[in-house]
S.K.: 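Below is the structure I would like to discuss, written out as structure tokens.
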Amino acid sequence: MKTKSDTVKNVCKVVMLPVFVYLLFFICSGGAFGKPASLIMNLKQTLAPTLISFAMCSNMLCNRMDLSAGAVVMLSAMFGAKMVYLYGIGLIPFALIVVGAGIVLGTISGIMYMLLRVPAIVTALGVCMVYETLSNLASISWVTAINGEITTLGRFPYCLIIFAIMFVLFYIIFNYTKFGYNVRACASSQRIAKNSGVNTKKTAFLCYVVSSLFLGVAALLKISIQGSIDTPMYMSSTNIIFNCMLGIYVGLALEQYCNLVIGIFIGNFILNMLTTGLLSMGLSASLQDTASGIFLLVIMIFTYNNQRVMNFISERKLKKELVRTNAQ
């Protein structure tokens, strides 16, 4: 059982990581990084990716890689923007259409996975290509944009309110529902979970259904914050989900110190800080990718081997004390 002091230590360890990243780039950029306005923008840009990470989390824990998530987000956002362009609908109908489209498209992905009975990644790639084709057929230009009142939900404090509601909802679903328990059981071992009475097929389908809701809201926040959405081509929609996947991995690394849901949010916040920090240092796109990969590798190595590092330091101190004692 965790004591109060253990909880305080874990909170400090979790907070130290984003603080370390902030201080590192603040010093390296000579103060160009880390201004209040940029931090607020960084927080804003973290909201949609975090929701996509929540959407992908359950499937990833059960070893199902849903590469169609990015296409669902982009096609849902495009469809809503298209309705605004064609019919001049208002904010509430626009929001309902985008979220509804995300739910429908995400659920279709789950149905295809259940019916085809092929590896999830194969189904996801096929669905992704179909959705990207539909996006290209539906688009009237290379970029679908919205403006004015329709972008209200992308401004403060509305975007934070929407995110907070979805954060609490996923926290409850993942930690306090039968579905969340089944997902964690399947993540440990699907065979053992099945033998224990868990309906693994039903759980798999529910993963896609729950995912679809968060993808729909993520699409709403993404286009509301950005004001536009690019038409996906040549699997470009998968670019959206890669950083979100990294956010999940960082969250899993931090899980020993905090709840996974909180860890995923912190992971995505760090990744956005990383991108902004490298940009403030004037690095090119290729160097940014290289630096991001190295930096994330260092974070993951240290996080997963934190106890070994601390033990090594303690052993070194002990050896020095023994040598000093023997010398006397």
Side-chain angles (χ1 to χ4, degrees), residues 47-82 97-139 144 166 170 173-174 179 183 186-187 190 200-223 226 228-249 251 264 268 271:
L47 305 182
T50 302
L51 293 183
I52 297 173
S53 294
F54 289 164
M56 298 180 65
C57 178
S58 299
N59 276 319
M60 281 186 63
L61 290 177
C62 297
N63 298 318
R64 287 186 297 272
M65 195 69 69
D66 185 12
L67 297 180
S68 66
V72 171
V73 169
M74 297 185 80
L75 183 54
S76 301
M78 284 186 63
F79 184 70
K82 192 82 169 180
I97 286 172
V98 173
V99 175
I103 292 172
V104 171
L105 294 173
T107 303
I108 289 173
S109 298
I111 293 171
M112 294 299 293
Y113 170 71
M114 299 300 293
L115 291 177
L116 296 178
R117 297 184 180 181
V118 296
I121 192 169
V122 177
T123 306
L125 286 172
V127 172
C128 178
M129 288 187 284
V130 171
Y131 286 170
E132 287 197 358
T133 302
L134 290 175
S135 299
N136 279 279
L137 291 174
S139 65
T144 306
M166 299 308 294
F170 186 73
I173 290 173
F174 189 76
F179 166 74
V183 167
C186 292
Q190 294 210 26
T200 53
K201 290 184 178 180
K202 180 180 178 181
T203 302
F205 180 68
L206 287 177
C207 284
Y208 283 96
V209 174
V210 172
S211 169
S212 67
L213 172 62
F214 287 88
L215 290 177
V217 179
L220 176 62
L221 283 182
K222 187 173 181 64
I223 193 170
Q226 294 181 354
S228 64
I229 199 82
D230 295 330
T231 303
M233 295 183 299
Y234 312 116
M235 303 296 292
S236 63
S237 63
T238 57
N239 294 336
I240 294 177
I241 66 174
F242 286 135
N243 274 349
C244 302
M245 289 165 58
L246 290 174
I248 295 173
Y249 288 129
I264 290 173
N268 279 283
L271 289 168

S.K.: Identify every side-chain donor-acceptor pair in residues 56-64 under 3.5 Å, counting partners at least two apart or on other chains, and give the distances.
M.R.:
residue	atom	partner	partner atom	Å
Asn59	OD1	Arg64	NE	2.9
Asn59	OD1	Arg64	NH2	3.3

S.K.: Distance check, rounded to the nearest 0.5 Å: Thr50 atom OG1 versus Leu271 atom CG?
M.R.: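 These two atoms lie 9.5 Å from each other.
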S.K.: Would one find more than 12 heavy atoms of other residues, nucleotides or ligands at under 6.0 Å from atom CZ of Phe79?
M.R.: no
S.K.: What are the two closest non-hydrogen atoms of Ala124 and Ser68, and how far apart are they?
M.R.: O-CB, 3.6 Å
S.K.: Report the distance from atom CD1 of Ile173 to atom CZ of Phe54, rounding to the nearest 0.5 Å.
M.R.: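 The CD1 atom of Ile173 sits 11.0 Å away from the CZ atom of Phe54.
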S.K.: Is there side-chain contact between Val104 and Ile108, with at least one heavy-atom pair below 4.5 Å?
M.R.: yes
S.K.: For the residue pair Met129 and Thr133, what are the closest heavy atoms and their distance?
M.R.: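 So the two residues come closest at O-OG1, 2.8 Å.
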S.K.: Would you name the heavy atoms of Gln190 and Thr200 that are closest together and state the gap between them?
M.R.: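 Between these two residues, the closest heavy atoms are O-CG2, 3.9 Å.
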S.K.: Which distance, rounded to the nearest 0.5 Å, do you find between the CG of Leu246 and the CD1 of Ile241?
M.R.: 10.5 Å
S.K.: Please tabulate, one pair per line, all N/O donor-acceptor pairs under 3.5 Å involving side-chain atoms of residues 69-78, not counting sequence neighbours.
M.R.:
residue	atom	partner	partner atom	Å
Ser76	OG	Val72	O	2.7
Ser76	OG	Gly102	N	3.2

S.K.: Report all side-chain donor-acceptor pairs from residues 203-222 shorter than 3.5 Å, counting only partners two or more places apart or in another chain.
M.R.:
residue	atom	partner	partner atom	Å
Thr203	OG1	Asn199	O	2.9
Ser211	OG	Ala55	O	3.1
Ser212	OG	Val209	O	2.5

S.K.: Check side chain to side chain donor-acceptor pair (under 3.5 Å) between Ser53 and all other residues, then give those that pass, not counting sequence neighbours.
M.R.: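 Counting only residues at least two positions away or on another chain, Ser53 forms a side chain to side chain donor-acceptor pair (under 3.5 Å) with Asn268.
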S.K.: Not counting sequence neighbours, which residues clear ring-ring contact (aromatic ring centres under 6.0 Å, His included) with Phe179? List them please.
M.R.: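 For Phe179, no residue satisfies ring-ring contact (aromatic ring centres under 6.0 Å, His included) once neighbours in sequence are set aside.
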S.K.: Any side chain to side chain donor-acceptor pair (under 3.5 Å) pairs touching residues 113-132, not counting sequence neighbours?
M.R.: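 Matches after skipping sequence neighbours: Glu132-Ser237.
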S.K.: Report the distance from atom CG of Asp66 to atom CG of Leu125, rounding to the nearest 0.5 Å.
M.R.: 10.0 Å
S.K.: Please say whether more than 12 non-hydrogen atoms of neighbouring residues, nucleotides or ligands are located less than 6.0 Å from CE in Met112.
M.R.: no
